[in-house]
Amino acid sequence: MSTRTFRVTVRGVFDGLGADQRAELLARAAQHDVLRAAFTPEGHLSYDLAARPAFTFRFADTGEEEADILLATERAEQAAKTWLEERGYGYRNLRSQAEDLSRAPLGKRQRRAAAAGNA
């Protein structure tokens, strides 16, 4: 059985932030810039608090079976909640989306490489 790679995106909105919390997030905004966004096992947070109070966590996970994507999604949601709650950040509208990369369509370069390998 092969290992499947999952990408899980957890989105939400900061809620009820105090002035100190907002200032802390704004001070760290550069390290959470969407241009630095990546899917990582520990999760990567991105936001642009100056534009809107929304945030996105991106997680990378793996599993052996198709059903493991549900467990990966649960782990990602829990990790996002834990991160927010440990820092005292309120949140709402948490929702997740997961993708099994083994089922993702191949890009143009990947199709070309696969065709060259079969020739």
Side-chain angles (χ1 to χ4, degrees):
M1 187 162 280
S2 64
T3 301
R4 295 169 178 260
T5 301
F6 308 123
R7 285 184 173 176
V8 184
T9 305
V10 181
R11 290 183 170 87
V13 178
F14 291 112
D15 188 44
L17 294 177
D20 290 345
Q21 292 172 315
R22 189 170 175 75
E24 181 180 336
L25 287 168
L26 288 170
R28 296 183 179 179
Q31 71 190 71
H32 297 288
D33 188 276
V34 73
L35 296 176
R36 294 179 151 196
F39 288 89
T40 64
E42 62 279 353
H44 181 270
L45 171 65
S46 62
Y47 57 85
D48 184 356
L49 202 56
R52 60 192 172 131
F55 59 81
T56 302
F57 282 93
R58 290 172 179 81
F59 293 91
D61 205 337
T62 58
E64 297 291 323
E65 299 181 25
E66 191 171 333
D68 290 340
I69 197 167
L70 299 174
L71 296 172
T73 302
E74 289 175 16
R75 284 190 296 268
E77 286 180 8
Q78 188 56 53
K81 288 177 184 178
T82 299
W83 191 94
L84 292 161
E85 291 168 1
E86 283 178 351
R87 288 156 182 81
Y89 298 141
Y91 59 90
R92 60 184 167 82
N93 301 338
L94 212 58
R95 60 200 179 285
S96 301
Q97 180 178 359
E99 178 182 22
D100 181 345
L101 295 185
S102 70
R103 302 177 68 68
L106 295 177
K108 189 174 185 178
R109 287 183 189 166
Q110 292 170 313
R111 286 193 303 268
R112 216 179 290 140
N118 292 332

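Every value quoted in this text rests on a predicted model; they were computed, and no experiment measured them.
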Can a donor-acceptor pair be found between the side chains of Thr82 and Gln78 at a distance below 3.5 Å? yes
Contact between Val8 and Phe39 at the side-chain level, heavy atoms closer than 4.5 Å - yes or no? no
In terms of heavy-atom contacts, Asp100 and Ser102 come closest through OD1-OG, 2.7 Å
Does Arg36 have more than 12 heavy atoms from other residues, nucleotides or ligands lying within 6.0 Å of its CZ? no
Given side chains that start at C-beta, do those of Thr9 and Phe57 come closer than 4.5 Å, heavy atoms only? no
Of the options Arg22, Glu24, Gln21, which is the one that meets Tyr89 in a side chain to side chain donor-acceptor pair (under 3.5 Å)? Glu24
For residues Phe6 and Ala72, report the shortest heavy-atom separation together with the two atoms involved. CD1-CB, 3.8 Å
Find the distance between CZ (Arg7) and OG1 (Thr73) and round it off to the nearest 0.5 Å. 14.0 Å
Nearest 0.5 Å, please: how far is CG in Leu26 from CG in Leu17? 9.5 Å
Side-chain touch Tyr91/Val13, heavy atoms, less than 4.5 angstrom: no
CD of Glu99 to OG1 of Thr5: how many Å apart, nearest 0.5 Å? 11.0 Å
Test your reading of the model: is there a side-chain donor-acceptor pair from Asp33 to the backbone of Ala30, 3.5 Å cut-off? no
One should read off an interatomic distance between Leu101 CG and Thr62 OG1, to the nearest 0.5 angstrom, of 11.0 Å
Looking at side-chain heavy atoms only, is the closest gap between Leu94 and Arg11 below 4.5 Å? no
Side chains of Asp48 and Arg52: closer than 4.5 Å at any heavy-atom pair? no
Shortest non-hydrogen contact from Glu66 toward Arg4: N-NE, 3.6 Å
Short side-chain to backbone donor-acceptor contact, Arg95 and Asn93, under 3.5 Å: yes
Given 3.5 Å as the limit, does a donor-acceptor pair link the side chain of Tyr47 with the main chain of Leu25, or not? yes
Minimum heavy-atom separation for Ala80 and Phe59, please, with both atom names. N-CZ, 4.0 Å
Is it true that the side chains of Ser46 and Arg58 contain a donor and an acceptor less than 3.5 Å apart? yes
Pairing of Arg75 and Asp61 as salt bridge, 4.0 angstrom limit: yes
Atom pair OG1/CD of Thr56 and Gln97 - distance to nearest 0.5 Å: 10.5 Å
Hydrogens and angles aside, do Ser96 and Glu77 bring a side-chain donor and acceptor to less than 3.5 Å of each other? yes
